[in-house]
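Just below is one structure, and these are the notes that go with it.
Values in this document were obtained by computation on a predicted structure and should not be read as measured data. Note that ligands are numbered from 1 as they come in the structure, with each ligand's atoms numbered from 1 the same way. Throughout, numbering of the chain's residues begins at 1 and tracks the sequence.
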Amino acid sequence: MTKAEAFKRISELSEVLQEHDHCYYVLSRPLISDYEYDMLMKELEALEAEFPALVMPDSPTQRVGKDLTKDFQPVKHQFPMLSLANTYNEDELIDFDRRVQELLEQGDVEYIVEQKIDGLSMSLRYEHGRLVTGATRGDGETGEDVTANVKTIRSIPLSINKKLLAEVGADSFEVRGEIYMETGDFKKLNEERIGRDEKPFVNPRNFSSGTMKLQDPAIVAQRPLKIFTYYLLGANLPFKSHEENLQALQKLGFRVNPAFKKCNNIQEAIEACRLFEEQRDSLPFEIDGAVVKVNQLSRQRQLGSIAKSPRWAAAVKFKAKQASTLLREITWQVGRTGAITPVAELTPVFLAGSTISRATLHNLDEIQRKDIRAGDTVLIEKGGDVIPKVVSVVVEARPEDSRATQPPVICPACSEPVFRSEDEAALYCQNASCPEQIKAKLIHFASRGAMDIEGLGDAIVDQFVDKGFLRTFADIYSLKDKRDELTTLERFGQKSIDNLLEAIEKSKEQPFSKVLFAMGIRFVGAGAARKLAEQFTDIDALMQAAEEEITNIYEIGKSISASVSSFLADEKNRDLIRCLRESGVNFSRGERAEIRNNFFTGKTFVLTGSLQTLSRDEAEEKISLLGGKATSSVSKKTNYVIAGENAGSKLQKAIDLKVSILSEEEFTKLLNDIIAV
Ligand code: IVH
């Protein structure tokens, strides 16, 4: 075969296979047998092997890349990925409609109501009809490049043929949608795992998002992930309504959930939401609400956005799903701060995508208030987060031998006496050597939002602490010297050890703010840690700061500053920090941030127009936090005018006075560079 002939056949085969992918994965209407499909694929693979120069990036053979992704690179979204304002009842939805009508100065508004898929949002960029990037939402401004994994999802077209592009009238655009897994597939997968004595996954959503972050696309390809697309964006698209956008997506070959409803007014939209809520349990995938969107795109533009959400759409959150089950026992769990909290041990019950066998009971007061006893039948619920809670007791079902719980007087993990302060409902174990506390601290230290040490999860920490390999955070960094001993551990092969040690090395580069968060100082969450790192260049500066100086930082209250000061005054903690520093853990913000930090210092800024990604108050706060001043009128003394959408006379004045102008994008970039210390 000549190269020209091969080119022709490769193109034909690619197109035919693509068409079959569409029929099978998007339309669920296969036209040929699996065998016939495999034969075509084999022919294409053979030709590409013979003519490697003819392998196109969007060839059906390229769905599963062979290379592992080392790091997911950041991708700046061309249009910020906004989130939706939530409404929790029909009155709130009516309020939303009233605001829309007022802003548009019109009566009834046409809405499209969609099911809100409980998955992971994804942005897909197509250029000249080819998929070029798949990115996660990230913080809405910048996501992670997961293209290699996205390509393995067969219902996502790798390229779109020219004829269809011409019909739609555009060849470069962005498509957004939700990646998810069907409940049936998820259950099957978990049954298989349980059969192999492996821990089941928590729920389809976490599983899908975890899968998209895997480094090996070959594993991603084996998992039956799907996508529903719901958003088409781009310059010069010819469509006038969201409905037309959805139809165009379908025409271009994307999967669109057919269950959307066009409604002439808010009452019809409410009806549609009710219907979706009724259907919820019979759908093959999980939804956690409905989304109501203004249909006309010109109206959407007119409404614009505030802070991080569009004014033209609202999420309607469904009531949390509940289930009843038997509370077999109340046990007590020791957390990383030493807080001892009650846990309900339940007869396992399936609820909203996962099997639940434990639920939090918060504290002793809560147990007494709700009169929860062992032996009770209880109603449990999954709220916004994954941890389920006990809502109430089914009193009618209470057996005679139900048992009220007694708070422990000794710590269930180390048997030291329990401490209970007068004003707090919580109980504490004050023993710094308590093994459960140590484990919980280490798990927090290694977690994704902190030092991000992949592979140092619950099970490994348990084992390492029990075997005496780990006691303090510093021990993590000397694990590399115990390599030989580690190999003696069960279920811990050479490869796992290499990966773990590599992840530990890498964690030394975590930014100062994450290191501060990882230390597990009481009351210092991720947000407070970031603020502390914004204010203090390194741990020495923070150690030298008076408690009052810390309290003066915006949004850092007295309890946080007192906790930070006493933590840093403790000699044991100082030793620990010294050790970690010697191992190479990063306790300073580094020069890069400092130099840029000066950008705002002493300068005057005026904000005009509406910003898409943060409110005006937030923007002003950030400027002043970084040493700048935000004023309301433009003068020659103004250093910068930050111009948002629909900026008016102030922008004109800035141009007249030759004051420098920053776009929202430039402004947020400066902020992000500084804040990511
Ligand atoms: S529209 C600007 N439609 O819900 C609004 N979102 O906070 C863009 N989601 O991040 C979102 N199903 O991940 C939209 N039919 C749907 C959706 C949906 C699920 C997710 C999406 C978004 C979050 C809203």
Can you confirm whether the side chains of Y230 and N245 place a donor and an acceptor under 3.5 Å from each other? no
Return the closest protein heavy atom for atom 17 (C) of ligand 1 as residue, atom name and distance. Y230 CE2, 3.4 Å
Checking a contact table here: which protein heavy atom is nearest atom 4 (O) of ligand 1, and how many Å away? K116 CE, 3.2 Å
Contact check: E114 vs ligand 1, nitrogen or oxygen atoms, below 3.5 angstrom: yes
Can you confirm whether the side chains of S663 and E666 place a donor and an acceptor under 3.5 Å from each other? yes
Looking only at distances, please establish whether an N/O atom of ligand 1 is found under 3.5 Å from an N/O atom of E178. yes
Taking only non-hydrogen atoms of S83 and a 4.0 Å limit, the atoms of ligand 1 in range are 7 (O)
Side chain, backbone, both or neither: which part of P310 has a heavy atom under 4.0 Å from ligand 1? side chain
For atom 5 (C) of ligand 1, which of D288, I287, L233, L84 has the closest heavy atom? L84
Side chains of H242 and E114, donor plus acceptor under 3.5 Å: yes
Taking the side chain as every heavy atom from C-beta outward, state whether K151 and P217 have any pair of such atoms under 4.5 Å apart. no
Show the atoms of ligand 1 that are less than 4.0 angstrom away from any heavy atom in Q115. 12 (N), 15 (N)
A side-chain contact here means heavy atoms from C-beta on lying under 4.5 Å apart; do I623 and I642 qualify? yes
Best match, F228, F260, Y231: closest heavy atom to atom 8 (C) of ligand 1: Y231
State, to 0.1 Å, how close Q250 and V256 come at their nearest heavy-atom pair, and which atoms those are. N-CG2, 3.9 Å
Would you confirm whether the ring centroid of F260 sits within less than 6.0 angstrom of the ring centroid of F228? no
Does any N or O atom in I117 lie less than 3.5 angstrom from one in ligand 1, N or O only? yes
Residue and atom name of the nearest protein heavy atom (relative to atom 10 (O) of ligand 1), distance in Å to one decimal: S121 OG, 3.8 Å
May I ask you to check whether Q300 and R311 show a side-chain donor-acceptor distance below 3.5 Å? no
Looking at atom 3 (N) of ligand 1, what's its closest protein heavy atom, distance included? K293 NZ, 3.0 Å
